[in-house]
Amino acid sequence: MSKKVRVRFAPSPTGGLHVGGVRTVLFNYLFAKHFGGDFIVRIEDTDQTRFVEGAEDYIFETLSWCGLEPDESPKHGGPFAPYRQSERKENYRAYAEKLVQEGYAYYAFDTAEELDAKRKEIPNFQYNQSTRTQLKNSLTLSDDEVKELLAANTKHVIRIKMPENIEVKFTDMIRGEVSFNSSQIDDKVLLKADGMPTYHLAVVVDDYLMQITHAFRGEEWLPSAPVHILLWQYLFGLENMPQWAHLPLILKPDGNGKLSKRDGDRLGFPVFAMDWTDPKTNEKTTGFKEHGFLPEGFVNMLAMLGWNDGTEQEIFSLKELVEKFSMEHVHKAGAKFNYEKAKWYNGEWIKKLPVSNYKLQVKSLLKADGIDADNNKLEEVIELIKDRCTLLTDFVQQSSFFFKSPETIDIAAIQPKWNEQKNLFFLELIREFELMQSWNNEALENELKELAAANQLKPGELMLPLRIMLVGGKFGPHVFNIAEVLGKEETIKRIKHTLQLLTK
RNA sequence: GGCCGGUUCGUCUAUCGGCUAGGACAGCCCCCUUUCACGGGGCAAAGACGGGUUCGAUUCCCGUACCGGCUACCA
């Protein structure tokens with residue numbers, strides 16, 4: 001590669017960032033960093049009617065959380081500023097005018113209402129080479145009429161004049177050669193009546209101006225690729241065009257079709273990376289982060305949705321992904337999103353990462369549940385239970401009994417086999433526990449076993465009742481580990497409490 | 001409808017003409033565990049269909065079917 005690799009992610013700030021979007025960012029980032037290149041974020045806010053307050057900040061917060069920091073962006077600055085298309089508005093008109101002068105585009109004066117009416121009247125109406133001769137534009141109007149309209153500041157757009165019957169082809173990094181016949185493509189608007197460019201013009205101009213070498217985007221863009229190819233040819237030369245890669249789509253888990261926010265709501269899993277509240281409707285959508293995902297797990301899961309390293313390895317850190325990423329192993333077909341597998345990746349990272357990486361998050365999760373956990377004790381507890389958690393939020397349920405007495409005791413689990421002999425045993429156990437000098441896992445286990453033997457009871461009959469007394473239910477790590485962390489006083493208190501419930 | 005893309009176990013995927021089609025998630029069974037998980041072992045489960053090309057096709061070509069994307073002065 002002769003030129004420095006430069007890629008861009010070009011979101012429009014219209015709402016929360018969806019997994020498909022983050023995956024596009026990820027592949028951009030991995031590709032750029034693999035080749036020591038730059039990762040640029042450019043905000044495509046050319047549609048002022050769809051602007052949503054806060055969406056841009058949200059995008060950057062999401063990227064930070066994922067560990068995918070841009071090298072250049074409106075937030076990070078850079079030599080090609082500004083990075084917001086609304087602030088680059090002045091750039092575009094000249095290119096559109098140049099296209100008109102050279103005969104590759106034309107002015108169109110039809111109003112949106114007129115075109116809407118056409119669409120109602122004619123099914124599948126398109127503004128294209130067969131219909132443009134009957135519409136109000138600089139191809140049908142005389143030069144004088146056009147000049148007059150322009151001089152009178154008549155609202156108008158600039159449309160590309162699609163050539164007749166030529167093959168437009170390009171080589172996609174993922175799909176190989178893709179070709180289109182220009183006769184099938186309509187005369188897309190390049191410059192809107194408000195003077196803003198459409199995506200089609202803006203993406204070409206800015207990719208050129210920002211010296212983008214490789215352009216990744218979702219597969220839904222494939223049909224408009226020929227428009228972009230032609231613009232490159234007319235404006236900057238095909239030899240300067242970035243290499244395109246159209247990424248496969250992320251599909252809904254059931255049925256078919258693109259994954260949407262609605263699917264998550266319907267099926268009960270997140271679709272956005274982080275919580276997003278729509279400022280207009282106040283509708284809140286929860287994200288992977290708040291669902292208890294670690295950025296490592298989230299990124300790992302996303303990377304494996306459409307890529308593999310050619311081996312059977314599935315767990316990768318970001319650093320490893322950067323090292324190993326290659327376009328040859330990007331899958332062509334769309335992938336159905338599988339939340340169970342997503343959680344598995346996260347569970348693997350919970351087990352793999354040092355507790356210090358996520359201790360603070362668990363702490364605040366507990367706090368939200370009314371538990372103020374001491375740091376040292378929390379770390380001890382997390383070590384004990386992390387193997388049984390796949391989401392950070394699981395820690396609350398799995399650890400709350402370490403910090404406060406269980407709210408409910410599953411007495412039904414011990415009552416059927418409960419008798420006076422066991423009652424006496426536990427009373428005796430309390431006395432023995434009170435006398436113990438060293439309060440630890442093994443000592444406690446030995447104590448219980450010895451006492452059981454002396455009373456001709458099987459330890460197995462006593463372990464479950466003890467667990468229920470301390471935990472409240474049939475779950476959690478080794479019961480003596482729990483007792484050790486709980487300490488003498490609390491352990492005895494909980495045994496006494498349940499004993500009371502049982503003798504009622 | 002038109003154009004473009006896609007098609008290997010239920011799901012994510014490996015295979016770059018030699019396959020007893022491998023792995024992972026989910027499922028089922030067993031072991032470990034005096035709870036629940038984790039972990040270990042095992043079982044079950046796939047090349048859409050039809051034609052070519054070839055000694056040999058999951059792999060290459062063509063057609064069909066099915067699925068998806070696009071078809072805005074939205075990105």
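What you see is a predicted model, and the numbers here were worked out from it, not measured in a lab. Each chain gets a letter, A, B and so on, in the order its sequence line appears, and its residues count up from 1. Note that these values count all heavy atoms, side chains included, but never hydrogens, waters or copies made by symmetry.
Within the 4.0 angstrom heavy-atom criterion, no nucleotide atom of any strand lies near A/Asp187. Within 4.0 Å (heavy atoms only), A/Pro123 reaches no atom of the nucleic acid at all. Among the heavy atoms of the strands lying under 4.0 Å from A/Ala335 are primed sugar atoms or P, OP1, OP2 only; no base atom is included. Backbone-only contact: A/Gly306 has heavy atoms under 4.0 Å from sugar-phosphate atoms and none from a base. Nucleic acid contact for A/Lys458: none, since no nucleic acid atom lies under 4.0 Å from a heavy atom of the residue. Among the protein residues, A/Ala112 comes within range of the nucleic acid bases, having at least one heavy atom under 4.0 Å from a base atom. Across all strands, A/Val471 comes closer than 4.0 Å to no nucleic acid atom at all (heavy-atom distances). Residue A/His478 is classed as a base contact, given a heavy-atom separation below 4.0 Å to a base.
Between A/His228 and A/Trp221, the two ring planes are tilted [angle within 30° to 60°].
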* Does the ring-ring contact (aromatic ring centres under 6.0 Å, His included) test come out yes or no for A/His291 and A/Phe272, once each step is laid out? -> CA-CA 10 Å; A/His291 251 72; A/Phe272 285 171; over 10 Å; no

* Residue pair A/Tyr345, A/Phe298: steps toward the ring-ring contact (aromatic ring centres under 6.0 Å, His included) verdict -> CA-CA 8 Å; A/Tyr345 282 108; A/Phe298 182 59; over 10 Å; no

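The separation between A/Leu353 atom CG and B/C38 atom P is 19 Å, rounded to whole Å. Computed from coordinates, the A/Asn308 CG to B/U11 P distance equals 18 Å when rounded to whole Å. Between A/Leu259 atom CG and B/C12 atom P there is a gap of 13 Å when expressed in whole angstrom units. Note: CG (A/Leu448) to P (B/U35) measures 14 Å, nearest angstrom.
Note that A/Arg159 lies in the cation-pi zone of A/Tyr127, set by a 6.0 Å cut-off to the ring centre and a 45° limit from the axis. At least one cation-pi condition fails for A/Arg93 and A/Tyr95: the charged atom is not both under 6.0 angstrom from the six-membered ring centre and inside a 45 degree cone around its axis.
The listed nucleotides are B/C3, B/A75, B/U13; the one nearest the side chain of A/Ser12 is B/A75. Closest approach to the A/Arg175 side chain among B/A75, B/U35, B/G6 is made by B/G6 (side chain taken as heavy atoms from C-beta onward).
By the 6.0 Å contact criterion, NZ on A/Lys336 is enclosed, its count of non-hydrogen atoms from other residues, nucleotides or ligands being greater than 12. More than 12 heavy-atom neighbours from other residues, nucleotides or ligands sit within 6.0 angstrom of NZ on A/Lys351. By the 6.0 Å contact criterion, NE2 on A/His329 is enclosed, its count of non-hydrogen atoms from other residues, nucleotides or ligands being greater than 12. With a 6.0 Å radius and a threshold of 12 heavy atoms from other residues, nucleotides or ligands, A/Tyr208 has its OH atom at or below the threshold.
Phosphate proximity of B/C74 to A/Thr14: absent, as no side-chain N or O sits under 4.0 Å from OP1 or OP2. Considering only side-chain N and O atoms, A/His329 lies under 4.0 angstrom from the phosphate OP1 or OP2 of B/U15. Contact check, A/Lys192 against B/C74: a side-chain N or O comes under 4.0 Å of OP1 or OP2.
When A/Phe288, A/Trp344, A/Trp349 are each tested for a side chain to side chain contact (heavy atoms under 4.5 Å, CB included) with A/Met301, only one passes: A/Phe288.
For the pair A/Ile174 and A/Met463, both in contact range of RNA chain B, the more 5′-proximal nearest nucleotide belongs to A/Ile174. The residue among A/Lys474 and A/Gly334 whose nearest nucleotide of RNA chain B is located toward the 5' end is A/Gly334.
If you check B/G69 for Watson-Crick or wobble pairing at under 3.5 angstrom, you find it paired to B/C3. Within the shown strands, nothing qualifies as a pairing partner of B/U34 under the Watson-Crick or G-U definition with both distances less than 3.5 Å. B/A57 is unpaired under the Watson-Crick or G-U wobble criterion, no partner having all donor-acceptor distances under 3.5 Å. Across all strands shown, B/G10 forms a Watson-Crick or G-U wobble pair, both distances under 3.5 Å, with B/C25.
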* To do: Spell out protein contact along nucleotides 22-31 of chain B as letters: B when the base is contacted, S when just the sugar-phosphate is, - when no protein heavy atom is under 4.0 Å; keep the 5' to 3' order.
  => SSBS------

* Would you give a per-nucleotide map of nucleotides 62-72 of chain B, 5' to 3', where B means the base has a protein non-hydrogen atom under 4.0 Å away, S means only the sugar-phosphate does, and - means neither? => -----SSBSS-

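A/Lys341 meets the salt bridge (charged side-chain N to carboxylate O under 4.0 Å, His left out) test with A/Glu314; sequence neighbours excluded.
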